[in-house]
Amino acid sequence: MGETHISRRTLFAAMAGLAGAGSAAAQPQGWPDGARGAVSLTYDDGLNSQLDNAVPELKRLGLKATFFLTEDNAHWRLSDWEALARDGNEVANHTMSHPCALSGYSTTRFAAAEVHRMEGYLDAHFGSDRERTFAYPCGYLGLGHGRRHARYARYRRVLERDGVVAARTTAGGPNRPEMAAADPLHLHAFEPTYEGDTVAPALRYLTETVARGGWAILVFHEVAPQWLHEGDVSVATHNRILEHIAALDVWCAPMGQVFGYVAHRWGRAA
Ligand SMILES: [Zn+2]
């Protein structure tokens, strides 16, 4: 946070009224430095286009993000991911091979082959002193057979056994910090360019986040010269969203870092 955060706050002061007057009184208090909300930028799947197209813009704006890697993809440019982590970004678990069809897995096999093995891979290359966070491949929260509740509980136990403290879905509005602290393995997140390559949905989501004093978690996949598929974002749209965030009076930090703060500030032990 430090200097970058202060400079954004100063910038915000010069742009008075951007987020609308009068909403401050209704907000929950408690974000660092009096920020009006928190934002985590997350990038899934360990894609080369993120290294090539997202990272330069993050650096230019002084923002740090979370990259949910799969070994399948990350091994191609491991040294680049290692450099990114050394630069203060978070790298975290998105499983070894990104399985989306989970009904056929036994708990033991899924835990060993996908979650535990990926934690080991991350420990080996990025150190074991990491925030252990997770993003559900394809946004699927259930593991194995049976009723939804049982499948969800099974997946949670796998994550908890590996020390995962926070896990991100791909749906929902801004997180209320007290809810995030109470249910950390189902953090809401938003894919702003899932339907198309426009900035408007992201801006609406961020405005709502600030109005509620919440925590926004944005999800990106390919950051490409042009939007071709659901989940992509063009470089132009990506950069406009990041510029907007940099000008807001929010705390923008990796997911594990924000969660650590949330758990401390709003958790049961707080
Ligand atoms: Zn994914």
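Ligands are counted one by one from 1 in listed order, and the atoms in each one are counted from 1 as well. Not measured: the values here are computed from a predicted model.
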From the Zn ion (ligand 1) out to just under 2.8 Å, does an N/O/S atom of H94 turn up?
yes
Do we see a donor-acceptor contact under 3.5 Å between the side chains of H98 and D45?
yes
Measuring to the Zn ion (ligand 1), does H98 have an N/O/S atom at a distance below 2.8 Å?
yes
What N/O/S atom of D45 is the closest to the Zn ion (ligand 1)?
OD1
Taking side chain as C-beta onward, heavy atoms only, is V219 less than 4.5 Å from F190?
no
Identify the two heavy atoms, one from R132 and one from E119, that lie closest to each other, and give their separation to 0.1 Å.
NH1-OE1, 2.5 Å
Between Y155 and Y140, does the ring centre distance come in under 6.0 Å?
no
